Protein chains: 2
Amino acid sequence: MPDGAPKKPSRIQMRNRSLILDAALDVFSAHGYRGATLDQIAEAAGLSKPNILYYFAGKEEIHVTLLSQLMETWLDPLVEMDADGDPMSELLAYVQRKLDMSRDLPRESRLFAVEILQGAPRMLPHLQTDLKPLFDDKCAVIQGWMEAGKLAQIDPRHLMFTIWSTTQHYADFDAQIQILSGDDPMQGARLHLETLFRRLLTPQTS
Amino acid sequence: MPDGAPKKPSRIQMRNRSLILDAALDVFSAHGYRGATLDQIAEAAGLSKPNILYYFAGKEEIHVTLLSQLMETWLDPLVEMDADGDPMSELLAYVQRKLDMSRDLPRESRLFAVEILQGAPRMLPHLQTDLKPLFDDKCAVIQGWMEAGKLAQIDPRHLMFTIWSTTQHYADFDAQIQILSGDDPMQGARLHLETLFRRLLTPQTS
DNA sequence: TCGTAGCTTTACCAATTGGTCAAAAAGCGA
DNA sequence: TCGCTTTTTGACCAATTGGTAAAGCTACGA
């Protein structure tokens with residue numbers, strides 16, 4: 001029995017674990033951590049509650065697993081922003097990738113939002129170790145672009161906040177947007193944000 | 001016993017009801033409706049649980065009362081936007097008022113956010129009857145300003161979404177911002193948003 | 001000062017919660 | 001097919017939940 005061998009998971013394990021995580025994503029993103037119940041998750045997954053606890057040690061482990069997986073997905077669009085590419089194209093492409101995520105992964109966006117809203121009790125370490133260095137790095141890249149005259153001057157950190165808030169808003173506040181928006185909001189959002197950030201970032205040759 | 005007389009509330013009633021609502025704002029904004037418990041609210045208010053239920057019929061009534069009161073406060077900055085004022089000043093002032101609310105009333109902002117995030121189950125009627133007409137009205141005003149050449153052209157509805165998301169972000173995602181922001185974020189936000197919306201809305205005389 | 005309306009508390013529900021356990025069932029390699 | 005591991009289940013538990021009932025306390029006008 002070599003101690004480090006984690007024993008590859010069976011097909012059943014793979015299937016049920018992802019069944020559970022998918023159900024948990026539904027429930028946690030809709031009710032927050034405290035508002036979610038194992039019974040809801042079990043029913044949504046089509047499994048019995050004790051069976052859920054056969055695959056995960058407890059409610060918290062499910063939540064933490066979900067958040068850890070999400071962190072990667074969430075940072076990916078920012079990682080892809082290339083310091084050597086064309087500044088305006090890179091930033092606009094980043095905005096579009098973030099907007100795509102709001103459209104394609106609204107549950108994940110809400111899970112993230114509700115966690116931060118509640119003070120990020122289970123995610124502060126992740127934010128410190130994963131997000132913070134990446135954020136500082138990319139802000140420096142943007143600062144460099146601005147100093148090179150490729151983009152209009154603006155505080156890079158607040159620029160990032162603006163990108164995040166405007167794009168994620170379409171997932172997180174969907175209920176409100178559905179009420180106020182006439183036609184398909186997402187198509188309009190695409191054009192709107194493209195215009196917004198182009199006007200904001202186009203350098204003025206005085 | 002004249003039936004329509006609601007009998008003015010005593011001083012004790014006034015004090016305890018507002019004590020409860022303030023405590024409930026803490027708890028609901030931090031955990032959402034399902035995640036909040038009457039015991040938490042009772043402890044935060046410094047009253048016993050049965051005493052809480054003497055003033056409110058139940059958990060839901062507390063929540064609904066809170067949301068109803070909030071709706072007024074929340075719409076007020078938009079109501080104040082004057083169709084007869086200077087367009088650019090009016091819009092920039094609106095942005096600053098919204099940002100002030102994020103700084104001064106972060107709990108209220110989060111209560112609103114968490115309610116919308118979870119599908120606005122207890123607020124859809126309010127949004128329909130209170131927010132929607134006001135929103136349509138103000139969008140028409142902005143549209144008029146743009147057609148008069150006072151502001152650069154952009155979809156007024158998405159402009160409103162952008163104002164809401166960028167300003168409320170500083171209250172709702174405070175936990176994240178604290179990690180990523182060096183100095184006081186609010187002062188930076190003020191300047192950033194002023195620049196942002198000025199660049200976005202300044203008409204280009206081609 | 002006393003009575004009564006308004007306020008508060010103690011004791012208590014029934015339902016739901018996260019979680020346990022042992023036994024049953026289902027897979028599955030030989 | 002056998003025998004063993006993995007998976008699933010039903011019964012159960014202590015703690016917490018929203019809420020109730022009734023008794024006790026307090027303020028305050030007559």
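Every chain is numbered from 1, with letters handed out A, B, ... down the list of sequences. Not measured: the values here are computed from a predicted model. Side chains included, hydrogens not; waters and symmetry mates left out as well; all remaining heavy atoms used.
A:Asp86 and A:Ser89 share a donor-acceptor pair across their side chains, judged by distance under 3.5 Å alone. B:Arg157 and B:Gln143 are not linked by any side-chain donor-acceptor pair at a separation below 3.5 angstrom, with hydrogens and angles left out of the test.
Here A:Ser48 reaches the OP1 or OP2 of D:dT9: one of its side-chain N or O atoms lies under 4.0 Å away. For the pair B:Arg34 and C:dT17, the criterion of a side-chain N or O lying under 4.0 Å from OP1 or OP2 is met. Contact check, B:Gln13 against C:dG6: no side-chain N or O comes under 4.0 Å of OP1 or OP2.
A distance-only check finds no donor-acceptor pair linking the side chain of B:Arg107 to the backbone of B:Leu25 [under 3.5 Å]. Side chain of B:Lys138 to main chain of B:Met81: a donor-acceptor pair is present (N/O by atom type, distance under 3.5 Å, no hydrogens or angles).
One finds no salt bridge joining B:Asp184 and B:Arg190 here, because no Lys/Arg side-chain nitrogen approaches an Asp/Glu carboxylate oxygen to under 4.0 Å. Between B:Asp100 and B:Arg97, none of the side-chain N atoms (NZ, or NE/NH1/NH2) sits under 4.0 Å from a carboxylate O, so this pair counts as no salt bridge. Between B:Glu43 and B:Lys49 no salt bridge is recorded (no basic side-chain N to carboxylate O distance below 4.0 Å).
Classified by interplanar angle (parallel below 30°, tilted 30° to 60°, perpendicular above 60°), the ring pair A:Phe161/A:His158 is perpendicular.
The distance between atom NZ of B:Lys49 and atom C1' of C:dC12, rounded to the nearest whole Å, is 11 Å. Atom P of nucleotide D:dT7 and atom CZ of A:Arg15 are separated by 10 Å, given to the nearest angstrom. Atom CD1 of A:Ile20 and atom C1' of D:dT7 are 12 Å apart (whole Å). Computed from coordinates, the A:Leu19 CG to D:dT8 P distance equals 10 Å when rounded to whole Å. For A:Asn51 and C:dA26, the CG to P distance is 13 Å, given to the nearest whole Å.
Residue B:Pro50 places its side chain closer to C:dT10 than to any other of C:dT8, D:dT9, C:dT10.
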Distances for protein N/O vs nucleotides 24-30 of chain D N/O pairs under 3.5 angstrom?
none

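Heavy-atom distances under 4.0 Å link DNA chain C to A:Leu53, A:Gly58, A:Lys59 of residues 53-70 of chain A, given in residue order. Heavy-atom distances under 4.0 Å link DNA chain C to no residue of residues 35-47 of chain B.
A cation-pi arrangement is absent between B:Arg103 and B:Tyr170 under the rule of less than 6.0 angstrom and at most 45 degrees off the ring axis.
Summarising the local packing, CD of A:Glu80 is surrounded by more than 12 heavy atoms from other residues, nucleotides or ligands at distances under 6.0 Å. Environment of CE in B:Met186: crowded, with over 12 heavy atoms of neighbouring residues, nucleotides or ligands closer than 6.0 Å.
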